[in-house]
Amino acid sequence: MSTTKPIRIIADIAEVRAECDRVRAAGKCVGLVPTMGALHEGHLGLVDRASEVSDFVVVSIFVNPSQFGPGEDLDRYPRDLEGDATKLAGRKANLVFTPTPETMYPPGFSTNVTVNDLTDGLCGASRPTHFRGVATVVTKLFNIVGPCRAVFGRKDYQQLQVIMRMARDLDMPVEVIGAPTHREADGLAMSSRNAYLSASERERALSLSRGLTAAHRLFEAGERNVGNLRRAVDEPVTMSTDKIDYITAANPDTLECLSDSATAAERLLIALATRLGSTRLIDNTVLGEDDPPQPLS
Ligand code: AMP
């Protein structure tokens with residue numbers, strides 16, 4: 001018989017706030033991990049990290065409508081609250097916050113948070129309202145939960161930079177922490193959207209991590225020409241996937257795109273978004289900083 005205690009699930013905003021107030025009144029630090037659910041080991045790694053740096057871990061599960069554009073996968077996005085609760089019960093999470101769209105966006109809702117510049121390129125170019133939706137919902141979650149620390153994945157590198165900048169610019173009293181991308185044994189970055197992939201798409205999706213690993217290999221060997229590093233990713237991914245959204249080399253701090261003729265500094269972001277069938281996958285790595293997706297040998 002399992003002795004794992006079921007995790008507490010609360011949908012009501014006032015109730016979650018009251019619970020977090022009690023934790024803070026006892027002098028403890030609340031940690032927050034915002035997610036859209038359909039949890040995998042990547043999410044659970046963020047929960048582990050949050051439990052290392054805070055006393056009480058709140059995981060939010062909310063498929064946020066405002067970060068999906070028209071025609072995107074809001075309706076078919078995987079939802080599995082029961083499975084998520086079971087997974088979280090086995091980790092050091094204390095509370096799951098599951099608000100409804102109606103409570104997060106009541107009639108008359110008309111306030112948004114916009115982070116400029118960082119949201120212009122990469123995913124922001126093809127998803128022009130996405131980061132406004134993300135920044136707005138994360139602001140709401142910060143205001144409801146009041147975390148002293150919040151953990152986000154580097155898998156969504158641009159999102160992490162946007163949230164860090166927002167917290168800094170708006171003096172939000174929260175430390176935003178980035179956690180490394182969790183990958184399957186063969187290198188594929190874990191994503192709730194991997195569930196959409198057919199067996200052959202799943203196989204072709206390996207070109208993403210393989211390309212990023214190839215760029216690490218070149219960088220380790222001393223290559224600093226941005227074009228050569230970017231093409232190490234571009235060539236295999238273009239050959240194996242159906243529609244490239246972008247494969248970009250950029251400054252990892254400002255996200256400014258670098259031309260192929262540029263020379264890489266000590267760190268270089270290579271980020272990509274591509275489609276396999278109807279599934280959009282993203283991945284990235286920071287050369288000179290991240291571990292490669294797969295061993296270099
Ligand atoms: P999502 O549920 O996809 O919105 O993601 C919730 C959080 O989990 C975000 O901070 C993501 O960056 C993070 N995340 C998603 N996939 C991974 C992964 N494979 N490794 C690390 N973090 C991840």
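Numbers here simply count residues along the sequence, with the first being 1. On a predicted model such as this, the values are computed, not experimentally measured, just so you know. Whatever order the structure lists them in is the order used to number ligands and atoms, beginning at 1.
Atom 20 (N) of ligand 1 has as its closest protein heavy atom His182 N, 2.8 Å. When hydrogens are left out, the protein atom nearest atom 4 (O) of ligand 1 is Met36 CG, 3.6 Å; that is the closest non-hydrogen contact. Protein heavy atom in closest approach to atom 10 (O) of ligand 1: Gly153 N, 2.9 Å. The closest protein non-hydrogen atom to atom 6 (C) of ligand 1 is Pro34 O, 3.3 Å.
Short contacts between ligand 1 and Phe152, defined as distances under 4.0 Å to a heavy atom of the residue, involve ligand atoms 10 (O). Per-residue contacts place Thr181 under 4.0 angstrom from the following atoms of ligand 1 (heavy atoms of the residue considered): 20 (N), 21 (C). Of all the atoms in ligand 1, the ones that sit under 4.0 Å from a non-hydrogen atom of Leu46 are 7 (C), 8 (O), 10 (O), 13 (C), 22 (N).
Test Val137, Thr100, Thr98 against Phe62 for side-chain contact (heavy atoms from CB on, under 4.5 Å) and you get one pass: Val137.
Using a 4.0 Å cutoff on heavy atoms, Pro180 counts as a contact of ligand 1. Within the structure, the closest approach of Gln159 to ligand 1 falls below 4.0 Å when heavy atoms are considered. Remark: distances from the non-hydrogen atoms of His40 to ligand 1 include one below 4.0 Å.
Checked against a 3.5 angstrom limit, the closest N/O atoms of Lys155 and ligand 1 fall outside it. The shortest N or O to N or O distance between His43 and ligand 1 is below 3.5 Å. The shortest N or O to N or O distance between Asp156 and ligand 1 is under 3.5 Å. The shortest N or O to N or O distance between Met190 and ligand 1 is under 3.5 Å.
A salt bridge links Asp186 and Arg202; the closest N-O separation between the charged side-chain nitrogens and carboxylate oxygens is under 4.0 Å. Checked for salt-bridge contact, Asp242 and Arg204 meet the test: a charged N lies under 4.0 Å from a carboxylate O.
Using a 4.5 Å heavy-atom cutoff, the side chains of Lys155 and Ile282 are in contact. With contacts defined as side-chain heavy-atom distances shorter than 4.5 Å, the pair Asp290/Arg154 qualifies. Residues Leu276 and Leu197 meet the side-chain proximity criterion, which asks for heavy atoms closer than 4.5 Å.
Shown here for Pro147 and Leu32, the closest heavy-atom pair between the two residues is CB-CB, 3.7 Å.
For the pair Glu72 (side chain) and Gly69 (backbone), a donor-acceptor distance under 3.5 Å is present. Within the 3.5 Å criterion, the main-chain N or O of Val57 finds a donor-acceptor partner in the side chain of Asn94.
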